[in-house]
Amino acid sequence: MHNRKMGIRWGLCCLFREEPIRFAIRQATHLARFDRVRQLALLSATILANGQALLAAIAYCAGNGIGAFRVNSRIFPLKTHPSIGYRLADLPDHAAIDRLYRQAGRAAAEQDIRLTFHPDQFTLLSSPDAGVTARSLEELAYHAEVAEYVGADVVTLHGGGGYGDKQAALERLMRELDRLPDPLRDRLALENDDRIYTPADLLPVCVSTGIPFVYDVHHHRCHPDGLSIEEATRRAVATWRREPLLHLSSPKDGWNSPNPRAHHDFIDLADLPDCWRDLPITVEVEAKAKEIALRHLLAALDKTAQISSL
DNA sequence: AGCGGTCAAGTTGAT
DNA sequence: ATCAACTTGACCGCT
């Protein structure tokens, strides 16, 4: 059982700064020089190594008061690449990979480490370009496949582009959401971003489709919509039929800098909304110092808890 | 061994 | 029209 502080389950995102836990990737241009057998051997070895890294990441979280871990989308490198892409059954170590990733899923479940995914900016369901949507659906299918493997319960997606007409784009997004296969639909969540889609834009979509809303308070502060943090939090939490997921970060050079969107190495406790403190929620910490930032944050929370109990 | 250019994908906005 | 930013290291070719 991990160490829950103030009602919040704290989550680490993808990487470690100091801890020697590394997830490897492969480059398509490099692999393209080899024959298919060699490509699959290299990919297979990388995926096995990444599975071991995932086990290590879960163990680290369990031992350090961290209750959630976001898995890097590239844990199966180039899985959906148009020319290098592959099926799991094609990999020479398929059976061992299967065992290892299911083992990681069991380890996460046993130690109560929530696993999540967050596909990158190339994955979106609002594009007017059918090819972009088709490739995104394939990418999401890959995420759902790995999520099922390891028991991850959230795949967080942004709204995508605005294309000069956000309402039309949101209607395309809703149409795609309505026809997702169940394994994906059951895991997908929508998150506000810092340039285009605000909580006020996405909450109605979430309510109408039943897809939960991931509230990123840093994005909301960069790109406000008239909703207060308290109101956005309340409405976001209400979209979840399981533990809600929220995102927290602090600005690299302060809120008055030219670019407050950039993430700081650490979390300033002042950026944690007071109304989050006692909620039964998962908060993923997007701080560049990774596990060091979590360590500092947990220590700072301990200190304030001690002071308030005097 | 170390350095630096490059890396699959989409969209926006600055120049 | 072109290209950096987004976010981000890690990889790989070259010296």
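Letters A, B, ... mirror the listed sequences (proteins, then strands); counts begin at 1.
In this structure, CD1 in A/Ile75 is found 4.5 Å from CG in A/Leu54, a value given to the nearest 0.5 Å.
With P as the reference atom, B/dC3 and C/dT8 are 24 Å apart, rounded to whole Å. Going from the C1' atom of C/dA4 to that of B/dC7 covers 15 Å, rounded to whole Å. Nucleotides B/dG10 and C/dC11, compared at atom C1', are 23 Å apart to the nearest Å. Rounded to a whole angstrom, the distance from the P atom of B/dT11 to that of C/dG9 is 25 Å. Spacing of C1' atoms, C/dC3 relative to B/dT6, comes out at 16 Å, to the nearest Å.
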* Given pairs defined as Watson-Crick or G-U wobble with both distances under 3.5 Å, what dot-bracket annotation applies to DNA chain B, with ( ) intrastrand, [ ] crossing, | other strand and . unpaired? -> |||||||..||||||
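In this structure, A/Leu125 places its CG atom 15 Å from C1' of B/dT11, rounding to the nearest Å. Here the P atom of nucleotide B/dA8 and the CD atom of A/Glu139 are 13 Å apart, to the nearest Å. In this entry the distance linking CG of A/Asp129 with C1' of B/dT11 reads 12 Å, nearest Å.
Residue A/Ser127 is classed as a sugar-phosphate contact, given heavy-atom separations below 4.0 Å to backbone atoms only. Residue A/Ile84 is classed as having no contact, given no heavy-atom separation below 4.0 Å to the nucleic acid.
The stretch residues 154-170 of chain A touches DNA chain B through A/Gly161, A/Gly162, A/Tyr163, each having a heavy atom under 4.0 angstrom from the strand.
Note: A/His219 and A/Tyr215 fail the aromatic proximity criterion, with ring centroids not under 6.0 Å apart. In this structure, A/Tyr197 has its ring center at least 6.0 angstrom away from the ring center of A/His158.
For B/dA8, its base sits under 3.5 Å from the side chain of A/Thr80 at one donor and acceptor pair at least.
Using a cutoff of 4.0 Å between basic side-chain nitrogens and carboxylate oxygens, A/Glu286 and A/Arg70 are scored as salt-bridged. Ionic pairing of A/Asp120 and A/Arg74 is not present here: no N-O contact between side-chain nitrogen and carboxylate oxygen is shorter than 4.0 angstrom. Using a 4.0 Å cut-off between charged nitrogen and carboxylate oxygen, A/Glu231 and A/Arg234 count as a salt-bridge pair.
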* Asked: Can you give one letter per nucleotide of nucleotides 5-15 of chain C, 5' to 3': B if a protein heavy atom sits under 4.0 Å from the base, S if only from the sugar-phosphate, - if neither?
  -> -BS--SBSS--
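What you find for A/Ser136 and A/Thr123 is that their closest heavy atoms are OG-CA, 3.6 Å. Between A/Ser126 and A/Arg172, the shortest heavy-atom contact is O-NE, 2.8 Å.
With A/Thr209 contributing its side chain and A/Met174 its backbone, the two residues share no donor-acceptor pair below 3.5 Å.
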* To do: Would you check, one step at a time, whether the test side chain to side chain donor-acceptor pair (under 3.5 Å) holds for A/Asp93 with A/Ser44?
  => CA-CA 6 Å; A/Asp93 300 309; A/Ser44 198; 2.9 Å; yes
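For the side chain to side chain donor-acceptor pair (under 3.5 Å) with A/His220, the lone residue among A/Asp225, A/Asp193, A/Asp194 that qualifies is A/Asp225.
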